[in-house]
Amino acid sequence: DDVANDQRKVIYQQRTEILGSEDLGDAVRGMFADAVGGAFDAHAPQQGMPQDWDLVGLAEALQRDFGVTLQPADWLAEQPEIEHAALRERVVQAAVAAYATKVERVGAPVMRHVERDVVLRTLDQHWRDHLAAMDYLRQGIHLRGYAQKDYRYEYKREAFELFTAMLERVKFDAASVLARIEVRTQEQV
């Protein structure tokens with residue numbers, strides 16, 4: 001099965017990179033920026049008008065999911081002419097800066113170890129879930145033939161969508177856990 005093999009190769013490559021690297025700081029910052037950017041896009045779609053954006057909901061989501069207290073509605077009130085991309089970048093940069101402050105407070109060597117562990121565990125869990133979803137898809141894909149659709153094409157398309165969604169969940173969940181986790185020193189314990 002070519003689709004499953006391609007997906008296995010991607011996951012194997014990512015897992016090997018994680019295991020072979022001591023410093024995932026850049027990758028984690030990228031995951032964090034993507035996850036916060038995704039939350040921003042969900043609450044403030046680019047096609048929508050600024051008055052239709054749910055910036056209060058965005059602030060609540062950022063607090064709930066990433067432990068970051070931001071007030072993008074106030075930023076928009078201060079600068080009503082600000083464009084979507086600029087406001088998005090400001091929110092992402094503020095959230096990444098809050099995470100960087102946490103890394104400094106805890107200590108970079110400790111956080112690098114925690115990041116590695118959290119990313120590996122998240123990737124492994126979502127990969128197992130993805131394999132189960134692919135098995136479920138494989139069992140029912142032949143029914144597409146009854147609908148006059150090429151089941152092979154449908155399988156590849158849906159497998160790609162499942163894989164892309166899994167990678168997005170890995171980014172979001174890893175970033176969320178890392179943002180909310182509290183690392184205690186031996187003295188604090």
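The basis for the numbers below is simple: all heavy atoms, side chains too, and nothing from hydrogens, waters or symmetry mates.
- Under the side-chain hydrogen bond (donor to acceptor under 3.5 Å, both in side chains) criterion, Arg180 pairs with Ser176, sequence neighbours left out.
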Can I get a per-line list of side-chain donor-acceptor pairs under 3.5 Å for residues 58-82, giving both atom names and the distance, sequence neighbours left out?
unit_1: Gln63; atom_1: OE1; unit_2: Thr69; atom_2: OG1; d: 2.5

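- Within 6.0 Å of atom CZ in Arg121, 12 or fewer heavy atoms from other residues, nucleotides or ligands are found, so the atom counts as exposed in its surroundings.
- By the side-chain contact (heavy atoms from CB on, under 4.5 Å) test, Glu83 pairs with no residue at all, sequence neighbours left out.
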May I have the step-by-step check of side chain to side chain contact (heavy atoms under 4.5 Å, CB included) for Asp124 and Arg128, ending in yes or no?
CA-CA 6 Å; Asp124 287 348; Arg128 285 191 298 270; 3.9 Å; yes

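- When hydrophobic clusters are built by joining Ile, Leu, Val, Met, Phe, Trp and Tyr residues whose side-chain heavy atoms come closer than 4.5 Å, directly or via intermediates, Val183 is grouped together with Val119.
- Cluster annotation: Val118 and Val110 are assigned to the same hydrophobic cluster (Ile/Leu/Val/Met/Phe/Trp/Tyr, side-chain heavy-atom contacts under 4.5 Å, transitive).
- When every heavy atom of Leu55 is checked against every heavy atom of Ala44, the shortest pair comes out as CD2-CB, 4.4 Å.
- Taking the side-chain contact (heavy atoms from CB on, under 4.5 Å) definition, one finds that Glu89 meets it with Gln93, sequence neighbours left out.
- The salt bridge (Lys or Arg N to Asp or Glu O under 4.0 Å) check on Asp34 picks up Lys171, with sequence neighbours excluded.
- In this structure Asp26 satisfies the side-chain contact (heavy atoms from CB on, under 4.5 Å) test together with Arg29, sequence neighbours excluded.
- In this structure His126 satisfies the ring pair (Phe, Tyr, Trp, His ring centres under 6.0 Å) test with no other residue, sequence neighbours excluded.
- With His43 contributing its side chain and Ala39 its backbone, the two residues share a donor-acceptor pair below 3.5 Å.
- Atom NE2 of His130 sits about 5.0 Å away from atom CE of Met134, to the nearest 0.5 Å.
- Linking Ile, Leu, Val, Met, Phe, Trp and Tyr whenever their side-chain heavy atoms come within less than 4.5 Å puts Ile181 and Phe172 in one cluster.
- Here salt bridge (charged side-chain N to carboxylate O under 4.0 Å, His left out) pairs that include residues 36-55, with residues two or more places apart or in two chains, are Asp41-Arg88.
- Atom CD of Gln46 is surrounded by 12 or fewer heavy atoms from other residues, nucleotides or ligands within 6.0 Å.
- Judged as a side-chain contact (heavy atoms from CB on, under 4.5 Å), and not counting sequence neighbours, the contacts of Glu182 are Lys102, Arg105.
- Residue pairs meeting the ring pair (Phe, Tyr, Trp, His ring centres under 6.0 Å) criterion with at least one partner in residues 86-112, sequence neighbours excluded, are Phe32-Tyr99.
- The minimum heavy-atom distance linking Glu115 with Val103 is given by the pair OE2-CG2, 4.3 Å.
- By the salt bridge (Lys or Arg N to Asp or Glu O under 4.0 Å) test, Arg169 pairs with no residue at all, sequence neighbours left out.
- With sequence neighbours left out, the ring pair (Phe, Tyr, Trp, His ring centres under 6.0 Å) criterion links His84 to Phe40, Trp53.
- The residues Arg138 and Asp135 are annotated as salt-bridged, a charged nitrogen and a carboxylate oxygen being separated by less than 4.0 angstrom.
- Considering only heavy atoms from C-beta on, Met166 stays 4.5 Å or farther from Asp129 through its side chain.
- Glu168 contributes atom CD, which lies 10.5 Å from atom CE of Met31 (distance to the nearest 0.5 angstrom).
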